Amino acid sequence: MTITLKTFWKIAPQLLSGRLPLSMLLLCCGAALLSAQQTYTQQTYTWDQLRDKFKQTNPTLLSDAVNIDEARAEEITAYLRPNPNLSLFADQFTVFKTPNTPYRPLAGVDEGGSVSYLHERQHKRELRLETAQEGTSITTSTHADLERNLLFTLRTAFINALQAKAFFELARQELEYWDKEIAIGKERLKAGDIARIDLDRIVLQRAQYQSDYVTGEVNLRTSKIALLMLLNDRTPVEKFDITGPYDFSGTLLPLEQFRQIAMDTRPDLKAAVETVVQARTNNKLAIANGTSDPTLGMDVGRDPPLPSYIGFSVSFDLRIFDKNQGEKLRTKLDIDRADKARMAAEAQVLSDVDTAYATLQSTVELLRPYKEEYLRQSAEVREIVTFAYQNGGASLLDFLDAQQAYRQTQMAYVNLIQSYLSAAGQLNLAVGREVIP
């Protein structure tokens with residue numbers, strides 16, 4: 001038996017008057033407290049709270065963020081200096097004994113050592129760091145683009161949950177309304193005001209509303225499960241809920257403003273622009289890598305009869321053949337390829353914005369008459385026909401048609417609101433940030 005707080009307060013006078021036994025009193029109190037605890041422990045999220053939690057818990061987003069840290073680690077590697085080379089030697093050991101002389105294997109040994117260092121010219125190290133930093137920027141923009149797409153997926157699931165709640169609430173209201181009509185029909189049957197066949201047709205119509213109620217409950221539960229999966233949350237569905245306005249705004253900014261925001265904000269377009277910049281840096285690095293780098297050296301040692309000596313050396317490649325000319329050409333071609341990809345990205349951004357804006361605008365045009373006329377008219381028609389039917393001024397068929405028209409109008413409005421919110425989410429995705437909450 002489930003006793004809610006509402007039920008508890010209804011029977012409270014009987015409990016206090018002593019007309020119910022003590023065991024029932026304890027049972028009702030315990031059930032009411034349990035119901036209150038379940039009610040208060042349910043966590044309800046707004047869209048902003050859901051979005052913030054998603055950024056902190058979604059495993060796909062968190063795993064991709066590691067790529068940014070890896071790119072920053074590559075910056076350290078790119079800027080490393082070459083290590084100097086150290087070599088030590090000992091030479092001219094005496095292996096065989098000379099006749100009539102004492103055997104001294106170390107008497108003529110030469111000892112020495114040398115240090116050499118590769119000196120990188122043409123700012124190779126700085127260019128490597130620059131291209132690594134640009135790679136980090138591209139990775140950051142790519143991560144932002146992944147977040148943009150995942151947030152769109154989250155927003156779609158959130159809108160579906162709001163739609164499921166709206167349908168469930170509509171089904172609940174319709175079922176309650178129809179139960180009242182059945183009760184009125186039974187009273188009219190007792191009074192001989194209607195025939196049994198008319199009451200049976202009204203009762204049979206309840207199956208449709210009960211089916212809508214059960215389906216709405218299942219859809220609401222399923223939509224919440226989809227949200228919990230995106231949040232990587234193991235909270236039971238009964239303790240999880242969402243809330244938010246399920247409505248539309250009839251005012252839209254001009255298309256050009258959305259276009260400009262998208263050109264300034266879209267992370268995939270930023271990544272395309274940054275790829276062009278990196279391609280130019282890579283070309284500079286390829287040209288720099290084609291130059292010879294000298295190796296500077298110094299050696300010290302002892303060479304009997306010289307007690308000690310010191311020497312210096314410089315070595316470098318003779319660039320008779322340019323072994324880097326292929327890389328220079330490749331990086332030069334890569335600049336043109338990246339620039340064409342940037343232009344394609346710009347065209348895609350504008351196309352996405354225009355398409356989403358047109359869809360949103362058409363949905364608003366469809367919603368306006370529903371909010372201003374159709375919803376009110378369908379409710380008035382149902383009330384008038386219902387009153388007329390209850391007083392014998394309308395047929396059962398007229399009554400059922402009015403109820404069906406009201407139901408279809410309400411469902412169409414809920415579906416159109418979902419289309420509007422989905423189109424708004426699509427426009428946010430196309431622009432690159434939330435411009436329509």
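Just so it is clear, the values below take in all heavy atoms, side chains as well, and ignore hydrogens, waters and symmetry mates. Since the model is a prediction, treat every value here as computed from it, not as a measurement.
- If you check the side chains of Ser395 and Asp398, you find a donor sitting under 3.5 Å from an acceptor.
- Between the side chains of Ser116 and Thr295, no donor-acceptor pair is found at a separation under 3.5 Å.
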Test side-chain contact (heavy atoms from CB on, under 4.5 Å) applied to Asp241 and Lys224, step by step: CA-CA 7 Å; Asp241 197 12; Lys224 289 182 179 181; 3.4 Å; yes
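- Here the side chain of Trp178 pairs a donor or acceptor atom with the backbone of Ile202 at under 3.5 angstrom.
- Side-chain N or O atoms of Ser362 include one that pairs as donor or acceptor with a backbone N or O of Thr359 at under 3.5 Å.
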Verdict with supporting geometry, Glu373 and Arg376, salt bridge (Lys or Arg N to Asp or Glu O under 4.0 Å): CA-CA 6 Å; Glu373 299 178 14; Arg376 176 182 54 81; 6.0 Å; no
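- Remark: the backbone N or O of Tyr79 is paired with a side-chain donor or acceptor of Arg125 at under 3.5 angstrom.
- In this structure, a donor-acceptor pair under 3.5 Å is absent between the side chains of Gln122 and Asn289.
- The closest donor-acceptor contact from the side chain of Asp145 to the backbone of Ser141 lies at 3.5 Å or more, if one exists at all.
- Leu151 has its side chain out of reach of Arg155: every pair of non-hydrogen atoms, C-beta onward, lies at least 4.5 Å apart.
- Counting heavy-atom neighbours within 6.0 Å of Lys270 NZ, excluding the residue itself, gives a total of 12 or less.
- Between Glu74 and Ala132, the shortest heavy-atom contact is O-CB, 4.2 Å.
- Remark: Asp352 CG to Phe258 CZ distance equals 14.5 Å, nearest 0.5 Å.
- A salt bridge is absent between Glu346 and Arg266: the closest approach of a Lys/Arg side-chain nitrogen to an acidic carboxylate oxygen does not fall below 4.0 angstrom.
- Side chain to side chain, Gln403 and Arg382 meet the donor-acceptor criterion of an N or O pair below 3.5 Å.
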Derivation and outcome, side-chain contact (heavy atoms from CB on, under 4.5 Å), residues Ile384 and Val381: CA-CA 5 Å; Ile384 293 172; Val381 169; 5.9 Å; no
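- For residues 419-430, the side-chain hydrogen bond (donor to acceptor under 3.5 Å, both in side chains) pairs, not counting sequence neighbours, are Gln418-Ser422.
- Counting all heavy atoms, side chain and backbone alike, Ala195 lies closest to Leu189 at C-CD1, 3.9 Å.
- Counting only distance, with no hydrogens or angles, the side chain of Arg368 and the backbone of Gly250 share a donor-acceptor pair below 3.5 Å.
- Asp317 contributes no side-chain N or O that, together with a main-chain N or O of Arg319, makes up a donor-acceptor pair within less than 3.5 Å.
- Thr291 and Lys124 share a side-chain donor-acceptor pair at under 3.5 Å.
- The shortest heavy-atom contact between Lys328 and Gly290 is CE-CA, 4.3 Å.
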Asp198/Arg201 under salt bridge (Lys or Arg N to Asp or Glu O under 4.0 Å): CA gap, chis, key distance, verdict: CA-CA 5 Å; Asp198 289 343; Arg201 291 183 66 182; 5.2 Å; no
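- Using a 3.5 Å distance cut-off with no hydrogens or angles, the side chains of Arg234 and Asn232 do pair a donor with an acceptor.
- Shown here for Thr57 and Leu231, the closest heavy-atom pair between the two residues is OG1-O, 2.8 Å.
- Between the side chain of Arg121 and the backbone N or O of Ser292, at least one donor-acceptor pair lies under 3.5 Å.
- Residues Ser378 and Tyr413 have side chains that never bring a donor and an acceptor to within less than 3.5 angstrom of each other.
- Scanning all heavy atoms of the two residues, the minimum distance from Thr243 to Leu162 falls at C-CD2, 4.3 Å.
- A side-chain contact (heavy atoms from CB on, under 4.5 Å) with Tyr209 is found for exactly one of Arg172, Glu174, Gln173, Glu176, namely Glu174.
- Put simply, the side chain of Asn219 does not reach to within 4.5 Å of the side chain of Gln163, judged on heavy atoms.
- A salt bridge does not link Asp52 with Lys55: every distance from a Lys NZ or Arg NE/NH1/NH2 to an Asp or Glu carboxylate oxygen is 4.0 Å or more.
- Nearest heavy atoms, Asn324 versus Ala286: ND2-O, 2.5 Å.
- Looking at Glu134 and Glu130, their side chains come closer than 4.5 Å, going by heavy atoms from C-beta outward.
- Ion pairing between a basic and an acidic side chain is recognised when a charged N comes within 4.0 Å of a carboxylate O; Arg221 and Glu238 show such pairing.
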Test log, rule side-chain hydrogen bond (donor to acceptor under 3.5 Å, both in side chains), inputs Thr281 and Thr131: CA-CA 6 Å; Thr281 305; Thr131 188; 5.8 Å; no
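- If you check the side chains of Asp48 and Thr46, you find no donor sitting under 3.5 Å from an acceptor.
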Step-by-step salt bridge (Lys or Arg N to Asp or Glu O under 4.0 Å) determination, Arg148 to Glu434: CA-CA 10 Å; Arg148 175 181 70 96; Glu434 285 194 14; over 6 Å; no
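- In this structure, Asn391 contributes its side chain and Phe387 its backbone to a donor-acceptor pair below 3.5 Å.
- Arg206 has no carboxylate O lying under 4.0 Å from a charged side-chain N of Glu181, or vice versa, which leaves the two without a salt bridge.
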side-chain contact (heavy atoms from CB on, under 4.5 Å) between Thr215 and Phe167, worked out: CA-CA 9 Å; Thr215 302; Phe167 270 131; over 6 Å; no
Steps toward side-chain contact (heavy atoms from CB on, under 4.5 Å) verdict (Val66, Glu70): CA-CA 6 Å; Val66 179; Glu70 292 178 350; 4.0 Å; yes
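- A distance-only check finds a donor-acceptor pair linking the side chain of Ser223 to the backbone of Leu220 [under 3.5 Å].
- The ring pair (Phe, Tyr, Trp, His ring centres under 6.0 Å) test with Phe158 singles out one residue from Trp47, Tyr45, Phe152, Tyr246, and that residue is Trp47.
- Using a cut-off of 4.0 Å between Lys/Arg side-chain N and Asp/Glu carboxylate O, Asp69 and Arg72 are scored as salt-bridged.
- With hydrogens and angles ignored, the 3.5 Å screen pairs a side-chain donor or acceptor of Asn415 with a backbone N or O of Met411.
- Taken to the nearest 0.5 Å, the CD1 atom of Ile138 stands 4.0 Å off from the CD atom of Gln278.
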